[in-house]
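See below for the structure under consideration.
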Amino acid sequence: MTTGAPIRETTPLEERLIALIKSRGPITVADYMEDALLHPHDGYYTSQAPIGAKGDFTTAPEISQIFGELIGLWLVQSWIDMGSPDAFNLVELGPGRGVLMQDILRAAKLRPAFLDAAHVWLVETSGRLRHEQQRRLRDAGIATDWADAFADVPPAPMLIVANEFFDCLPIRQFVRAQAGWRERLVGLDAAGGALAFALAETPPLPNVALPDPAEIADGAIFEIGEAAETMMDEIARSLAEHGGRALIVDYGHLHSGAGETLQAVRRHAFWPVLASPGRADITAHVNFERLARAAFAAGAAAHGPMSQGEFLQRLGLAMRLERLSFGKSAEGAAELFAGAHRISSPAQMGELFKVICVSAPGLPDPEGFKE
Ligand code: SAH
């Protein structure tokens, strides 16, 4: 059996995309990303087992149970801030293997009335991951439903969490070409046998908000997370109308600016974005400034972004670590410490990952974001 680095193989999705581009011309980076991740048969999330040591990447809830437990307590406090409604939707967007929700529900046992009031909604497109979520959560004893999209979750007061979900929503890319902005496309190489980046021949429509090309270096790339902004608009509208809060955690930047962040990862290493579509995870940094702006524009309030490390410290990471380590073997305690360090240290995930809270107007400042 061979192990080690994966090979760059031609995938069924790649063949289909090549045929499509041959007949209809290049596609946008957003269309490529969407197909590569979510194609119903050959998409990455649909067909692979992405998360964990045996997968391609790992995430904070998979590294330390403290992540989900602190967020669980944050949700309970938010429910109290909302006036302890006796029915609400507890929504997770892109729940992966269901570990975060499992830790949230365990921590929330502290307030049985919260669990009695909660109806869990998991927004997940992958049948494979849904199955895993179902298995992991079936003993939690709480009403749980699945939806393909946030828009399918019934309107109600909501508490929403999303960890590493916004980074996989498709982005568009624009290149500062000699003639001005041009959309970056996925076309074919000169031989017509492989996917290759190309540029649109005509300028983008005037409604695409791009900076003045005179102020941007030739060749620079500017990214727009249209799908993330649309998603934020839907969430913020729902919160403003029906009440509630959303906590969004992801890696990304605080301000808009030129620069490419689109990346692919396979077996815990970087991978060429256009190689073997459907076999690698593809993500882009989340633009928190634009997300906050979209939330305000839709009538909600936004707090943050704040670094994940600071947020977790403010919620009591050190105390929880001490409590959990009590009575553990030296080895067990060292493992807990290593996990907590990895999710909070600025040198690891603590600084790159950020947290933003979007609330219905009129709620008190959320825990962790108070002055
Ligand atoms: N939150 C999890 C997993 C992050 S991976 C964790 O922290 O471990 C991204 C998750 O989002 C996967 O469950 C993937 O299947 C799901 N996903 C990606 N794009 C989606 C979309 N457009 N709609 C719904 N779910 C999506």
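Just so you know, ligand 1 is whichever comes first in the structure, and atom 1 is the first atom listed for that ligand.
- Under 4.0 angstrom from ligand 1, the non-hydrogen atoms of I51 all belong to its side chain.
- Of the heavy atoms in L129, only side-chain atoms (C-beta onward) come closer than 4.0 Å to ligand 1.
- Looking at L363 and M82, their side chains come closer than 4.5 Å, going by heavy atoms from C-beta outward.
- Across the listed options E124, M101, M33, E124 owns the non-hydrogen atom lying nearest to atom 13 (O) of ligand 1.
- Side-chain contact annotation: S359 with R245, donor-acceptor N/O pair under 3.5 Å present.
- Closest to atom 21 (C) of ligand 1 by heavy atom, among F165, F150, Y44, is F165.
- Side-chain atoms of T28 and E183 include no donor-acceptor pair closer than 3.5 Å.
- At the shortest separation from atom 9 (C) of ligand 1 among protein heavy atoms lies E164 O, 3.5 Å.
- Under 4.0 angstrom from ligand 1, there are no non-hydrogen atoms of A149.
- Taking distance alone, with nitrogen or oxygen atoms compared against 3.5 Å, T59 approaches ligand 1 more closely than that limit.
- When the shell of 6.0 Å around NE2 of H268 is examined, it contains more than 12 heavy atoms from other residues, nucleotides or ligands.
- In this structure, of V123, D250, N163, L38, the residue bringing a heavy atom nearest to atom 22 (N) of ligand 1 is L38.
- Distances from atom 1 (N) of ligand 1 to the heavy atoms of G96, A147, G94 show the closest one on G94.
- If you check the side chains of D145 and H119, you find a donor sitting under 3.5 Å from an acceptor.
- With ligand atoms numbered from 1 in the order given, ligand 1 contributes 9 (C), 18 (C), 19 (N) to contacts under 4.0 Å with heavy atoms of C168.
- For the pairing with Y44, the side-chain hydrogen bond (donor to acceptor under 3.5 Å, both in side chains) check across D56, D35, D281 returns one residue only, D56.
- In the model, D218 has a side-chain atom that pairs as donor or acceptor with a side-chain atom of Q178 under 3.5 Å.
- Using a 30° and 60° split on the angle between ring planes, F88 and F114 fall in the tilted class, from 30° to 60°.
- Assignment of T125 to the shell around ligand 1 is supported, since a heavy atom sits closer than 4.0 Å.
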